[in-house]
*Asks:* 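Pasting a structure below so you can have a look.
Since the structure is predicted, the reported quantities are computational estimates derived from the model, not experimental observations. Counting from 1, the numbers follow the sequence of the chain as shown.
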Amino acid sequence: MNMEIFQKSFKSLIKTLAFSSLIFAAGCINQGNKSPQKMPSDAEIKEQMIEANYNMVEVESEQIDAFVQRRGWKMQKSGTGLRYMIYEGGKGPNATTGQVAKVNYEVTLLDGTKLYSSQETGPQEFLIGMDNVESGLHEGITYMNVGSKAKMILPIHLAHGLLGDENKIPSNATIIYDIELLALK
């Protein structure tokens, strides 16, 4: 994976913010200039931020696609950018919002770093669509039925975003879930 491209996009966002701040500050100071500097409007700044954010998402999406291709995985891509692959089908009912899902899981980074595992903590439960877990996990579990196993790749915006989880998941991290849906309540 080429983290340099992502880092460049992130730095571009920071530079855009810094540049906008400098323009704003220069306009406020205006040391006697007869013609004031044109400051970008809130709409222009917002547009620049949206464009920088869009570029970051596109770069990350390309990195995920390359990662999936290198491994030869046949993954589906949802409208939100979640990649998922059911590699072992189950025979139980489909998971839906409002149910409690009991799962075995392993969470890793794209570089293979293992972050969390139910082998260490035991199976976990969460209320689909309600509990404080990654939004990508809420979405991905609804593609599964009891007994199935899947791999899910959660892009940054569906995982822990700019801050990480303040424990093991770093900031700006794309994460992989290898998950088994054990039961629904």
Side-chain angles (χ1 to χ4, degrees), residues 1-17 46-90 94-99 101 103-118 124 126-145 148-181:
M1 181 178 87
N2 189 349
M3 285 302 277
E4 290 179 29
I5 295 172
F6 179 75
Q7 290 171 341
K8 286 179 184 177
S9 294
F10 187 70
K11 287 179 183 176
S12 173
L13 173 64
I14 299 301
K15 287 178 184 177
T16 300
L17 287 172
K46 183 177 179 181
E47 186 177 317
Q48 290 173 354
M49 295 291 294
I50 289 170
E51 180 67 24
N53 217 1
Y54 176 79
N55 290 337
M56 287 175 48
V57 169
E58 283 298 309
V59 167
E60 181 189 25
S61 183
E62 290 170 7
Q63 291 172 338
I64 292 170
D65 289 343
F67 176 87
V68 168
Q69 185 177 14
R70 282 192 306 273
R71 277 151 187 75
W73 292 349
K74 304 291 184 207
M75 300 191 105
Q76 301 291 317
K77 181 179 177 182
S78 75
T80 64
L82 173 74
R83 291 1 179 253
Y84 65 96
M85 171 179 72
I86 311 293
Y87 63 87
E88 188 174 310
N94 289 336
T96 59
T97 299
Q99 294 178 306
V103 297
N104 276 329
Y105 65 93
E106 181 175 273
V107 180
T108 60
L109 297 175
L110 291 180
D111 69 5
T113 302
K114 185 174 164 181
L115 303 171
Y116 298 104
S117 173
S118 60
Q124 298 293 305
F126 67 96
L127 183 59
I128 302 171
M130 310 288 181
D131 273 349
N132 190 22
V133 297
E134 299 91 338
S135 61
L137 183 56
H138 286 289
E139 177 186 353
I141 202 76
T142 63
Y143 300 131
M144 299 177 70
N145 60 337
S148 62
K149 295 181 181 180
K151 288 195 182 293
M152 299 176 199
I153 301 178
L154 283 60
I156 294 165
H157 67 279
L158 297 178
H160 290 277
L162 297 173
L163 300 178
D165 72 350
E166 299 180 1
N167 190 9
K168 294 182 180 182
I169 298 175
S171 62
N172 294 315
T174 304
I175 60 175
I176 302 172
Y177 263 89
D178 193 342
I179 191 161
E180 177 184 14
L181 180 54

*Asks:* Rounded to the nearest 0.5 Å, what separates atom OG1 in Thr80 from atom CG in Leu82?
*Replies:*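 It is 5.0 Å, given to the nearest 0.5 Å.
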*Asks:* Which atoms form the tightest heavy-atom contact between Leu115 and Lys168, and what is the distance?
*Replies:*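 Minimum heavy-atom separation between Leu115 and Lys168: O-CD, 2.9 Å.
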*Asks:* Can you find a heavy atom in the side chain of Asn104 that is under 4.5 Å from one in the side chain of Ile179?
*Replies:*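 No, too far: nothing below the 4.5 Å cut-off.
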*Asks:* Do the rings of Tyr177 and Tyr105 sit parallel, tilted or perpendicular, given the 30° and 60° boundaries?
*Replies:*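 It falls in the tilted class, 30° to 60°.
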*Asks:* Which pair of non-hydrogen atoms, one from Ala95 and one from Ile141, has the smallest distance, and what is that distance?
*Replies:*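 Shortest heavy-atom separation between Ala95 and Ile141 comes out as CB-O, 3.3 Å.
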*Asks:* Between His138 and Leu127, what is the shortest heavy-atom contact and its length?
*Replies:*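 Minimum heavy-atom separation between His138 and Leu127: CE1-O, 3.3 Å.
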*Asks:* To the nearest 0.5 Å, what is the distance between CE on Met152 and CE on Met144?
*Replies:*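 Answer rounded to 0.5 Å: 5.0 Å.
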*Asks:* For the CG atom of Leu137 and the CD1 atom of Ile128, what is their distance to the nearest 0.5 Å?
*Replies:*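 Between Leu137 CG and Ile128 CD1, I get 8.5 Å after rounding to 0.5 Å.
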*Asks:* Which heavy-atom pair separates Pro155 from Gly81 by the least distance, and what is that distance?
*Replies:*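 Between these two residues, the closest heavy atoms are CG-O, 3.4 Å.
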*Asks:* Got more than 12 heavy atoms from elsewhere within 6.0 Å of CD, Glu58?
*Replies:*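 Buried by this count: over 12 neighbours within 6.0 Å.
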*Asks:* Taking Glu60 for its side chain and Ile156 for its backbone only, find out whether a donor-acceptor pair lies under 3.5 Å.
*Replies:*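 Indeed, once roles are kept as given, a pair shorter than 3.5 Å links the two residues.
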*Asks:* Side chain to side chain donor-acceptor pair (under 3.5 Å) for Thr174 and Gln63? Distances and angles first, verdict last.
*Replies:* CA-CA 10 Å; Thr174 304; Gln63 291 172 338; 5.9 Å; no
*Asks:* State, yes or no, whether a side-chain contact exists between Ser135 and Leu158 at a heavy-atom distance under 4.5 Å.
*Replies:*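 Sidechains of Leu158 and Ser135: in contact.
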*Asks:* Taking the side chain from Asp131 and the backbone from Val133, do they hold a donor-acceptor pair closer than 3.5 Å?
*Replies:*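 No, because the side chain of Asp131 does not come within donor-acceptor range (under 3.5 Å) of the backbone of Val133.
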*Asks:* Nearest 0.5 Å please: distance from the CE atom of Met75 over to the OH atom of Tyr84.
*Replies:*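 Spacing of CE (Met75) from OH (Tyr84) equals 10.0 Å.
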*Asks:* With a 3.5 Å distance limit and no angle check, can you tell me whether Asn55 reaches the backbone of Glu51 through a side-chain donor-acceptor pair?
*Replies:*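 The answer is yes, because a donor-acceptor pair under 3.5 Å joins these two groups.
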*Asks:* Please tell me if the side chains of Tyr116 and Asp165 come closer than 4.5 Å, counting only heavy atoms from C-beta onward.
*Replies:*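 Yes, their side chains come closer than 4.5 Å.
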*Asks:* Got Leu110 and Ile176 here, is their nearest side-chain heavy-atom distance under 4.5 Å?
*Replies:*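 In short, these two side chains touch, coming nearer than 4.5 Å.
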*Asks:* To the nearest 0.5 Å, what is the distance between NZ on Lys74 and CD on Gln69?
*Replies:*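 Answer for the NZ-CD pair, Lys74 versus Gln69, is 9.0 Å.
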*Asks:* Could you point out which residue of Ile86, Val103, Asn145 forms a side chain to side chain contact (heavy atoms under 4.5 Å, CB included) with Leu181?
*Replies:*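 Considering Ile86, Val103, Asn145, a side chain to side chain contact (heavy atoms under 4.5 Å, CB included) with Leu181 is found only for Val103.
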*Asks:* Which value, rounded to the nearest 0.5 Å, describes the distance between Ile153 atom CD1 and Thr108 atom OG1?
*Replies:*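 Going from CD1 on Ile153 over to OG1 on Thr108, the span is 9.0 Å.
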*Asks:* Which pair of non-hydrogen atoms, one from Asn94 and one from Gln99, has the smallest distance, and what is that distance?
*Replies:*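 For Asn94 and Gln99, the tightest heavy-atom pair comes out as O-OE1, 3.6 Å.
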*Asks:* Mind listing the closest non-hydrogen atom pair of Lys114 and Ser117 along with its distance?
*Replies:*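 Distance-wise, the nearest heavy atoms are CE-CB, 3.5 Å.
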*Asks:* Please determine if Asp65 and Arg83 form a salt bridge, counting it only when a charged side-chain N lies under 4.0 Å from a carboxylate O.
*Replies:*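 Arg83 and Asp65: salt-bridged.
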*Asks:* Is any side-chain heavy atom of Ser61 closer than 4.5 Å to one of Lys77?
*Replies:*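 Result yes, sub-4.5 Å side-chain heavy-atom pair found.
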*Asks:* Would the number of heavy atoms belonging to other residues, nucleotides or ligands and lying under 6.0 Å from OH of Tyr87 be above 12?
*Replies:*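 Counting other residues, nucleotides and ligands, OH of Tyr87 exceeds 12 neighbours.
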*Asks:* Taking Lys149 for the side chain and Glu88 for the main chain, is one N or O donor matched with an acceptor at less than 3.5 Å?
*Replies:*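 Looks like no, no N/O pair under 3.5 Å.
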